[in-house]
Amino acid sequence: MAKKFKHLKTGNTYEMIRDDVKNCTNANDGQTMVLYKRDGFPDLIFVREKEEFYQKFEEIK
């Protein structure tokens, strides 16, 4: 089952797709990213640096 998270500032809920995506841009090559989508908006997919993601979101148990 997919993990659900809540954004600490907005309270919006998101579903984590993967937390091991690699950033391959020149400036940040190899940086680990989280791929996630907002609940209710399946066509909106986001990516955020992994450490930052875990600072700004909390898992919904």
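Keep in mind that what you see is a predicted model, and the values were worked out from it rather than measured.
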*Asks:* Please report the interatomic distance CG(N23) to CD(E49), rounded to the nearest 0.5 Å.
*Replies:* 9.5 Å
*Asks:* Does atom CD (E51) have a neighbourhood of more than 12 heavy atoms from anything else shown, all under 6.0 Å?
*Replies:* no
*Asks:* Which heavy atom in P42 sits nearest to a heavy atom in K37, and how many Å separate them?
*Replies:* O-CD, 4.3 Å
*Asks:* Would you list the pairs meeting salt bridge (Lys or Arg N to Asp or Glu O under 4.0 Å) in which at least one residue belongs to residues 17-26, sequence neighbours left out?
*Replies:* R18-D20, D19-K50
*Asks:* Go through the structure and list residues passing side-chain hydrogen bond (donor to acceptor under 3.5 Å, both in side chains) with E58, not counting sequence neighbours.
*Replies:* K6
*Asks:* State plainly whether one hydrophobic cluster holds both M16 and L8, where clusters connect Ile, Leu, Val, Met, Phe, Trp and Tyr through side-chain heavy atoms under 4.5 angstrom apart.
*Replies:* no
*Asks:* Who passes salt bridge (charged side-chain N to carboxylate O under 4.0 Å, His left out) against K61, sequence neighbours left out?
*Replies:* E59
*Asks:* Applying ring pair (Phe, Tyr, Trp, His ring centres under 6.0 Å) as the test, list every pair that has at least one member in residues 23-44; sequence neighbours left out.
*Replies:* Y14-Y36, Y36-F46, Y36-F53, Y36-F57
*Asks:* How far does CG of D43 sit from CZ of R38, to the nearest 0.5 angstrom?
*Replies:* 13.5 Å
*Asks:* Linking directly or through intermediates, with side-chain heavy atoms under 4.5 Å: list the remaining ILVMFWY members grouped with I60, chain and number order.
*Replies:* none
*Asks:* Treating Ile, Leu, Val, Met, Phe, Trp and Tyr as nodes and any side-chain heavy-atom pair under 4.5 angstrom as an edge, say whether I17 and V21 lie in one connected cluster.
*Replies:* yes
*Asks:* For D39, enumerate each residue passing the side-chain hydrogen bond (donor to acceptor under 3.5 Å, both in side chains) test, keeping only those at least two apart in sequence or located in another chain.
*Replies:* K4, T13
*Asks:* Cluster question for you: counting only ILVMFWY and a side-chain heavy-atom cut-off of under 4.5 Å, with indirect links fine, are V47 and I45 together?
*Replies:* yes
